Amino acid sequence: TEVKSLVTGFQTAREAYLEQQKELQRRLKEAGDQEREAIRRQIKDSLENWKEQHRQFRKDVIERAKEMKQQLQPDLGRVIDQGAGEGRGR
């Protein structure tokens with residue numbers, strides 16, 4: 001399904017991000033002073049990029065959930081709305 005492919009894509013991006021961070025941290029430990037600053041910038045830029053990807057993923061999943069809800073029968077949509085938040089301690 002479309003949602004499953006969104007999740008799979010997100011997981012793949014997450015793994016790539018984690019590997020990149022691990023490599024940058026390794027390089028940071030071995031780097032000289034000048035190189036450290038450049039690596040810190042790369043780490044910061046990578047984190048910002050990851051945050052943006054995460055925001056976009058959440059937005060895409062929420063949008064797809066809204067679309068799916070609209071496609072459901074009206075009564076089922078009402079039941080989903082009433083159950084929203086359950087399981088989150090609300």
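Note that the structure is predicted; figures quoted are calculated from it, not measured.
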Hydrophobic cluster membership, with links at side-chain heavy-atom distances under 4.5 Å among I/L/V/M/F/W/Y: are L47 and L18 in one?
yes
Using the salt bridge (Lys or Arg N to Asp or Glu O under 4.0 Å) rule, collect all pairs that involve residues 34-43, keeping only residues at least two apart or in two chains.
E37-R41
For residues 23-42, the ring-ring contact (aromatic ring centres under 6.0 Å, His included) pairs (sequence neighbours left out) are none
Among R27, Q25, K29, which residue satisfies the side-chain contact (heavy atoms from CB on, under 4.5 Å) criterion with I39?
R27
Test: side chain to side chain donor-acceptor pair (under 3.5 Å). Region: residues 5-17. Which pairs qualify, not counting sequence neighbours?
none
List in chain and number order the residues that pass side chain to side chain contact (heavy atoms under 4.5 Å, CB included) with A13, two or more places apart in sequence or in another chain; answer none if no residue qualifies.
W50, Q53
Can you name the ring pair (Phe, Tyr, Trp, His ring centres under 6.0 Å) partners of F57, sequence neighbours left out?
F10
Let me see the working for R58 and R55 under side chain to side chain contact (heavy atoms under 4.5 Å, CB included), right down to the final yes or no.
CA-CA 5 Å; R58 287 181 47 86; R55 280 190 288 274; 5.9 Å; no
Is the number of heavy atoms from other residues, nucleotides or ligands under 6.0 Å of E48 CD greater than 12?
yes
For the atom pair CD1 (I43) and CD (E23), what is the distance rounded to the nearest 0.5 Å?
10.5 Å
Between atom CD of Q42 and atom CG of L28, what is the distance when rounded to the nearest 0.5 Å?
10.0 Å
Any chance you could measure K59, atom NZ, to Q56, atom CD, to the nearest 0.5 Å?
5.5 Å
Please assess R26 against E30 for the test salt bridge (Lys or Arg N to Asp or Glu O under 4.0 Å), listing each intermediate value before the final yes or no.
CA-CA 7 Å; R26 184 192 64 75; E30 300 170 355; 3.0 Å; yes
So, using side chain to side chain contact (heavy atoms under 4.5 Å, CB included) as the criterion, who are the partners of E67 when residues are at least two apart?
E63, R64
